[in-house]
Amino acid sequence: MTTYNENSMPRDSFIQKFISHVELIAALFSGVLILAGWLLDRNDADTASVIAYLSAFTIGGYAKAKEGIEATIEEKELNVEMLMILAAAGSAAIGYWTEGAILIFIFAVSGALETYTMNKSQREISALMDLQPDTALLVRDGIEEHVHVSELTRGDIIIVKPGERVPADGLISKGYTTIDEAAITGESIPVSKKDGADVFAGTVNMTGSVYIKVTKKANETLFQKIIDLVQSAQSEKSPSQQFIERFEGMYVKVVLAVVALMMFLPHFLLGWSWTETFYRAMVLLVVASPCALVASIMPATLSAISQGARNGILFKGGAHLENLSHVKAIAFDKTGTLTRGKPEVTDIIIRDGLSRVELLRAAASIESRSNHPLAHAVVRYVQQEKISFSPPDQLEDAAGWGVKGTIGTKEWKIGKASFVGKEEAAIFADDAAVQFAEEGKTTIYVADQAGIAAVIALQDIIREETKQALKTLQDEGIFTIMLTGDSEKTAKAIASETALGSYVAECLPEHKVDHVKGLLQKYGTVAMVGDGINDAPALATASVGIAMGEGSDVALETADIVLMKNDLPKIAEAIKLSRKMQRIVKQNIIFSLSVIVLLIISNFFQLLDLPFGVLGHEGSTILVILNGLRLLKNA
């Protein structure tokens with residue numbers, strides 16, 4: 001018999017967190033041991049100092065050493081991890097424990113952070129998968145039963161009730177409802193669905209109970225494609241990353257080959273003693289280790305990341321900073337990115353002779369009992385107008401069409417044109433609804449016993465800072481384009497108002513990915529800005545994914561950069577910061593390589609003793625670190 005212990009969950013959670021961070025903890029602990037070893041060495045406690053350094057080597061270097069050895073065995077090729085291990089061992093062999101330990105520490109911390117990031121990404125992919133229901137209510141031979149979604153086949157009939165997520169892609173075979181498709185299309189306004197309409201797994205059924213005919217298996221749904229696209233894009237390596245890996249392999253081979261030759265040839269060709277030959281080989285191994293090269297990038301990157309964080313820009317890694325400096329085109333989602341992400345009342349036309357206060361009070365009264373986003377927008381608008389209202393005396397909901405309510409002795413209807421009278425709505429206010437539609441707005445009608453009382457237009461409002469942000473980017477020579485799941489009319493209206501370079505309407509997640517790939521072929525380096533689950537595949541496919549801080553968890557974790565305060569002008573600031581970082585990194589790399597070459601040549605001509613080699617090696621490292629720290633200053 002299993003006994004549940006409520007205290008076991010926190011303990012298990014702590015253990016899981018500890019295990020997931022064990023590599024980083026080990027790296028940081030090795031840093032503490034290095035400091036202890038240095039202090040002991042200064043107090044002439046030589047044996048204790050060596051023990052502390054050996055512990056730092058073992059604890060800090062275990063993970064990277066294991067990774068390097070396994071990769072070498074599997075790929076049958078030496079790697080930079082092995083060079084770091086040998087360089088640290090070489091420095092220890094000639095008595096320079098501190099340098100070897102610091103080399104291990106720097107490499108261990110970078111590896112631990114990389115591991116943490118990968119684990120975090122995998123957890124968020126799992127969270128994305130949880131949004132698709134595990135079970136479905138299947139109707140078979142008139143009997144309803146709950147089955148796992150993996151058991152569904154094409155042609156099965158399932159029931160989805162109000163408030164439930166749709167478990168599979170299909171067609172509505174019976175019923176009428178409103179479905180929130182924000183997870184798939186990004187559209188903030190729910191869509192009315194009736195017989196024959198497509199529905200997608202992961203979307204939310206809001207109003208009516210519907211029967212759905214399954215058209216795709218669980219592993220073929222559009223939602224599953226989103227997951228697959230994110231995983232696929234994240235596994236692809238950037239060209240710069242591939243170049244670095246090729247460079248590392250070549251660098252390791254060259255250094256080790258030269259060190260091996262230095263251990264023998266000078267004795268036979270130049271008449272050096274065996275002691276001198278081995279000494280010079282070890283000095284070469286130390287001065288040729290890429291410590292300064294590593295420091296050329298990491299401090300500058302961390303400084304830029306810190307500076308960005310101060311300004312509300314969260315960078316998830318140096319590679320993304322590098323890529324951002326080369327961006328030539330940026331694709332934007334609409335809802336929640338260029339716009340605020342929720343509909344707001346923009347226009348109201350009221351029948352002559354009818355009090356505006358009476359109309360708004362009645363509309364808010366009835367809409368206050370509805371869960372529809374358009375109803376919420378009407379209520380917010382009336383509240384902002386400081387008009388008081390009370391609940392209706394009676395309410396009747398016509399799912400997918402509108403609502404009908406009674407206030408006192410007067411009956412009101414609010415909803416679509418066909419609900420209040422299609423012909424009458426078409427001529428109301430000279431058919432103002434047509435003009436609203438051209439502007440990308442959604443309309444609802446209010447009617448009483450005398451006929452149409454008002455038409456209310458609503459729209460997802462463009463953010464105040466959007467226009468300036470797009471102009472700044474275009475002034476920098478960056479092409480801007482909007483990819484949205486909205487209709488052609490809405491997309492055109494938004495693009496016209498914001499002066500976007502181009503737009504594509506009615507984009508499903510897979511279409512956004514295709515368009516981003518097309519931009520990559522044309523421009524080389526492309527950024528994607530979005531906030532929803534439906535944007536995640538495109539965010540992952542782009543060279544740089546940028547998420548809005550108030551976006552979905554999946555978008556935030558898939559993206560490479562997060563605008564923490566939803567401040568679009570920060571994109572231009574981020575690009576300037578990344579370009580400055582690139583300049584400093586190039587300066588550091590050129591300087592550190594020059595020092596390494598100088599030290600190697602001096603060592604070969606026996607002009608460099610080990611203390612001066614260490615001084616040059618560590619001195620160049622300190623200088624490039626200080627140069628990188630300049631990024632902490634405000635531009």
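Below, each value reflects all heavy atoms present in this structure, side chains not excepted, and no hydrogens, waters or symmetry copies. Counting begins at 1 with the first residue of the sequence.
At distances below 3.5 Å, not a single donor-acceptor pair connects side-chain atoms of T178 with backbone N or O atoms of M206. Side-chain N or O atoms of T525 include none that pairs as donor or acceptor with a backbone N or O of K328 at under 3.5 Å. In terms of modelled atom types and a separation under 3.5 Å, the side chain of S325 and the main chain of S578 share no donor-acceptor contact. Counting only distance, with no hydrogens or angles, the side chain of S30 and the backbone of A56 share no donor-acceptor pair below 3.5 Å. Not one N or O on the side chain of E476 forms a donor-acceptor pair closer than 3.5 Å with the backbone of K471. Counting only distance, with no hydrogens or angles, the side chain of R463 and the backbone of T339 share a donor-acceptor pair below 3.5 Å. No side-chain donor-acceptor contact under 3.5 Å links T541 to the backbone of V513. No donor-acceptor pair closer than 3.5 Å links the side chain of D531 to the backbone N or O of T337.
Side-chain contact between I330 and V526: absent, with no pair of heavy atoms (C-beta onward) separated by less than 4.5 Å. The shortest distance between side-chain heavy atoms of I481 and L483 falls below 4.5 Å. Contact check for R165 versus N205: no side-chain heavy atoms found under the 4.5 Å cut-off. Side-chain contact between V504 and C507: present, with at least one pair of heavy atoms (C-beta onward) separated by less than 4.5 Å. Here the side chains of E344 and Q459 are not in contact, with every heavy-atom distance at 4.5 Å or above. Residues V199 and I179 have side chains in contact (heavy-atom distance under 4.5 Å, counting atoms from C-beta outward). Proximity of I589 to L593: side-chain heavy atoms (C-beta onward) are separated by under 4.5 Å at one or more points. Considering only heavy atoms from C-beta on, L631 comes within 4.5 Å of K580 through its side chain.
To the nearest 0.5 Å, atoms CG (D333) and CE (M548) are separated by 9.5 Å. With values rounded to the nearest 0.5 angstrom, I561 atom CD1 is found 11.0 Å from L539 atom CG. For the atom pair OG1 (T498) and CG (L470), the distance works out to 5.5 Å, reported to the nearest 0.5 Å. Put simply, CD on Q474 and CG on L500 are 7.0 Å apart, with the number rounded to the nearest 0.5 Å. In this structure, CG on L629 lies 9.5 Å from CD1 on I584, to the nearest 0.5 angstrom. Taking CG of N627 as the reference point, atom CZ of F591 lies at 9.0 Å (rounded to 0.5 Å).
K512 approaches A538 most closely through the heavy-atom pair CB-CB, 4.0 Å. Here the closest heavy-atom approach between residue R340 and residue I462 is recorded as NE-O, 4.3 Å. Nearest heavy-atom pair, A491 versus M482, reported as atom, atom and distance to 0.1 Å: O-CE, 3.3 Å. Pairing each heavy atom of K570 with each of I313, the nearest pair is O-CD1, 3.5 Å. Shortest non-hydrogen contact noted between A457 and K441 is CB-CD, 4.2 Å. Residues I571 and F332 approach most closely at CD1-CE2, 4.0 Å, considering heavy atoms.
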- [ ] Show your reasoning for whether side chain to side chain contact (heavy atoms under 4.5 Å, CB included) applies to I575 and I478.
- [x] CA-CA 11 Å; I575 292 174; I478 296 174; 3.4 Å; yes

Open item on the list: Run the side chain to side chain contact (heavy atoms under 4.5 Å, CB included) test on E70 and K66 for me, step by step, so that the C-alpha distance in whole Å, both residues' side-chain angles and the decisive distance to 0.1 Å come before the verdict.
Closed with: CA-CA 6 Å; E70 289 178 347; K66 180 173 180 289; 3.0 Å; yes

Open item on the list: Using the rule given for salt bridge (Lys or Arg N to Asp or Glu O under 4.0 Å), can you reason through K492 versus E439, listing the C-alpha separation, both sets of side-chain angles and the distance that settles it, and then say yes or no?
Closed with: CA-CA 8 Å; K492 183 178 180 180; E439 296 171 358; over 6 Å; no

Open item on the list: Evaluate E497 against K467 for side chain to side chain contact (heavy atoms under 4.5 Å, CB included), listing each step before the verdict.
Closed with: CA-CA 8 Å; E497 187 174 349; K467 297 176 184 178; 3.6 Å; yes

Task: Audit row: E573, K576, salt bridge (Lys or Arg N to Asp or Glu O under 4.0 Å) steps and yes/no - done: CA-CA 5 Å; E573 289 185 25; K576 291 177 182 177; over 6 Å; no

Open item on the list: Pair E322, H326 - check side chain to side chain contact (heavy atoms under 4.5 Å, CB included), show working.
Closed with: CA-CA 7 Å; E322 175 191 347; H326 304 301; 4.3 Å; yes

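Atom CZ of F29 has 12 or fewer neighbouring heavy atoms from other residues, nucleotides or ligands inside a 6.0 Å radius.
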